[in-house]
Amino acid sequence: MITLKNVVLRRSSKVLLNGASVTINPGEKVGLVGRNGAGKSTLFALFNGTLHEDGGDFSVPKQWRLAQVAQNMPETDESATEFVVGGDTRLAEVRQVLADLEQKHAADPDDHDIGMELAHAYTDLADAGEHDAVPRAQALILGLGFKVAELDEPVNSFSGGWRMRLQLARALMCPSDLLLLDEPTNHLDLDALVWLEAWLQRYAGTMIVISHDREFLDAVTDVTLHIDQANLVRYGGNYSKFEEMRALQMEQQQVAFSRQQEKIAHLQKFIDRFKAKASKAKQAQSRVKALERMEKVAPLLAEADFTFEFKEPNNIPNPMLSISDAAFGYVQEDAPPKVILTGVSRSVLAGQRIGILGANGQGKSTFVKTIAREMGALAGTVTEGKGLSIGYFAQQELDVLHPASSPLEHMVRLARELGAGSRERSTEQDLRGFLGSFNFSGDMVKQAVGTMSGGEKARLVLAMMVWQRPNLLLLDEPTNHLDLATREALAVALNEFEGTLMLVSHDRALLRSVCDEFWLVGRGKVADFDGDLDDYQRYLLDEAKRQRELAKEAGRAADAHAQAQAQAAAAALAAAAPAPAPASSREQRQQDAQDRQQRLERQKPIKRELTKAETRLSAASTERDALEARMAQPMPPAEIAEAGKRLKALTDEIAELEERWLRLTDELEAIGA
Ligand SMILES: Nc1ncnc2c1ncn2[C@@H]1O[C@H](COP(=O)(O)OP(=O)(O)OP(=O)(O)O)[C@@H](O)[C@H]1O
Ligand SMILES: [Mg+2]
């Protein structure tokens, strides 16, 4: 059992936990959630012992073995398989003991005791799972999206994202009582993610996972810990359940708060009126005491709602870009270039919103990177429209930040670079204001980026991109690290963006809400994808099956070792593959896809309206609640009139918005039916 009693955690001047008391029972699957910067990763540092509590008591059973994903980038020539096998710490220990004993035995073959110990060590080795360590490791590696041919490749030959996947596999390989995962889905594609969900559902120990992915959390957790304004609260349910419970709780708290405010106002009136009279002063005094004794219900601090927008581009070239007969891939040292995509001829037009789909390692990022001028095309041409201005966001972009500099210094540098040719000058005040609109306020504009949380860094990169006023947005997994509120803000901003959008994402909700069309990168080509995301899910399953067939063939052709690999591949893929959908005729499927597409087309404008109405509704309600709370306190008459007017306006607007919302959801349902 993990227990926290009154734990206080601080980071420089910030209090992240202020008296947290929570227990986690053995075997529980816990989701740790909260806004960016709330202190989730810091709490993990407490759990794994790299940080100590600043107050209170924290304990975790001493004998528990801990597994977690190392945050550093592995640098080694070991093969992927060896590297992951190395994650099995118990096996590694037994192997070490055995190696020592074997050495001793060689030096003194007649020592009976050493002989006995050696015999024991061999049994221990079998118990530690030596015989199937390799297939176990390979099942993990393949499940996380690697190809059979890559099992023996050295770790160093993989790109950053893939090396982080190997770190994840290594952590899963480790036999553990407590598994800590900090945003494990960030580097994963949709199919690897589905596989990981299935794996975690079978994990027997205690698991705590930090994630901002609702669907993932729902699939793998049954308890939720929420960090909010330095409080840590436990909810007995997965993420959706937590949201429900919290909404209810907030409602109740709001009611309790309003009631108490009324009572306070009443008492206060009494006190104010009676204080003036000497004869009643005593009574007034007792009321003052009553007021002081009252246990105050905290007002609901509305979570600072965060919205932003992309500025209107200065110009919008059309076409933005045309690609003709191009080949994309990597130039390699001492080897011919590695071609990934060929015969690509496409135009990107003004105002298009393209979702880029494709299974693991099929070349989505290569495609996007080439357009972003990060690498050149191997053949053919990529012609840019006049005045094209690209805003590129990629996972690696976080590395582009300078750890020692502050957000303000980043903005100053950027403004200087961009302003070099123009007469437009930005003052520090402008830049601070701009950062403020991205929730970097007060001290945070001066905090070193290196000490900021993942989400805070991602938000800074986003801010820097918006500042550049792009007309073509190339976003490669932009929602990694972002909390839900920020993701929603991004979705709204993207929906209103007037330029062109190309988006790679495993965030199904985001793809659904901002893309009008999909391109599929796969089997060396880029093609239109006719269908929606459900069709895409099916496509991924088919692809997985194809991989499985390939693996089987490899198994037939090669030696026993390869066969084991192939079996592991099959097992890994089968573990994640849900039951196949019932077969329907090809025409039927096509017709269904067409119908779905048409339905989607018609739903799209309504959905956009709906998002707008929801955003405005939540802002108006927040404002109204705050206003009501303020009006429950004594205030000068002049202000009361003003506030009353505003309250009336807000109430009317909310009623109107609710009407509109109901009407839109009706319309949506009618189309969906
Ligand atoms: N050395 C430090 N100095 C100042 N502030 C720090 C330091 N380390 C962390 N912080 C701040 O503490 C807060 C909590 O950081 P933490 O990384 O725990 O957040 P998180 O909940 O994991 O957020 P995210 O969802 O973005 O990953 C952040 O606001 C961060 O900027
Ligand atoms: Mg974090």
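Both counts, for ligands and for their atoms, begin at 1 and track the order of listing.
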Original post:
What do you reckon, does G34 put a non-hydrogen atom under 4.0 Å from ligand 1?
Top reply: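 It does not; every heavy atom stays at 4.0 Å or beyond.
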
Original post:
For ligand 1, is L16 a contact, meaning one of its heavy atoms is under 4.0 Å away?
Top reply: yes

**OP:** May I ask you to establish whether R246 and Y235 are in a cation-pi arrangement, using a distance under 6.0 Å from NZ or CZ to the six-membered ring centre and at most 45° from the ring axis?
**Re:**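 No cation-pi geometry.
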
**OP:** Validate the cation-pi geometry between R459 and F440: distance from NZ or CZ to the six-membered ring centre under 6.0 Å, angle to the ring axis within 45°.
**Re:**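 Geometry flag: set, cation within 6.0 Å and 45°.
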
Looking at [atom], what's its closest protein heavy atom, distance included?
| atom | result |
| --- | --- |
| atom 3 (N) of ligand 1 | S12 OG, 3.5 Å |
| atom 17 (O) of ligand 1 | S453 CB, 3.3 Å |
| atom 25 (O) of ligand 1 | K40 NZ, 2.7 Å |
| atom 31 (O) of ligand 1 | E456 OE1, 2.7 Å |
| atom 11 (C) of ligand 1 | K14 NZ, 3.6 Å |
| atom 10 (N) of ligand 1 | T451 O, 3.4 Å |
| atom 5 (N) of ligand 1 | Q447 NE2, 3.1 Å |

Whether the [X] and [Y] side chains hold a donor-acceptor pair (N or O, under 3.5 Å, no angle test) is what I'd like checked.
| X | Y | result |
| --- | --- | --- |
| Q68 | N48 | yes |
| D218 | S240 | yes |
| Q468 | K311 | no |
| R413 | H402 | yes |
| T3 | T23 | no |
| S365 | D476 | yes |

Hey, is ligand 1 close enough to [X] that some N/O pair sits below 3.5 Å?
| X | answer |
| --- | --- |
| G37 | yes |
| G455 | yes |
| G39 | yes |

With under 30° as parallel and over 60° as perpendicular, where do the rings of [X] and [Y] fit, or are they tilted in between?
| X | Y | result |
| --- | --- | --- |
| Y203 | W199 | parallel |
| W467 | F434 | perpendicular |
| F308 | F438 | tilted |

Original post:
With sequence neighbours excluded, what pairs up with P26 under the side chain to side chain contact (heavy atoms under 4.5 Å, CB included) test?
Top reply: M1, W64, T206

Would you mind listing which atoms of ligand 1 come within a distance below 4.0 Å of any non-hydrogen atom of [X]?
| X | result |
| --- | --- |
| H212 | 25 (O) |
| T42 | 14 (C), 15 (O), 16 (P), 18 (O) |
| M452 | 31 (O) |
| G454 | 26 (O), 27 (O) |
| E183 | 25 (O), 27 (O) |

Subject >> R10 side-chain N/O to E53 backbone N/O, donor-acceptor pair under 3.5 Å >> reply: no

Subject >> Within the 6.0 Å centroid threshold, strictly below: F146 and F158 >> reply: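 Yes.
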
**OP:** Check the Mg ion (ligand 2) and write out every protein N, O or S atom at under 2.8 Å, as residue and atom.
**Re:**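 Under 2.8 Å from the Mg ion (ligand 2) - ignoring waters, which are not counted - the protein N, O or S atoms are S41 OG.
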
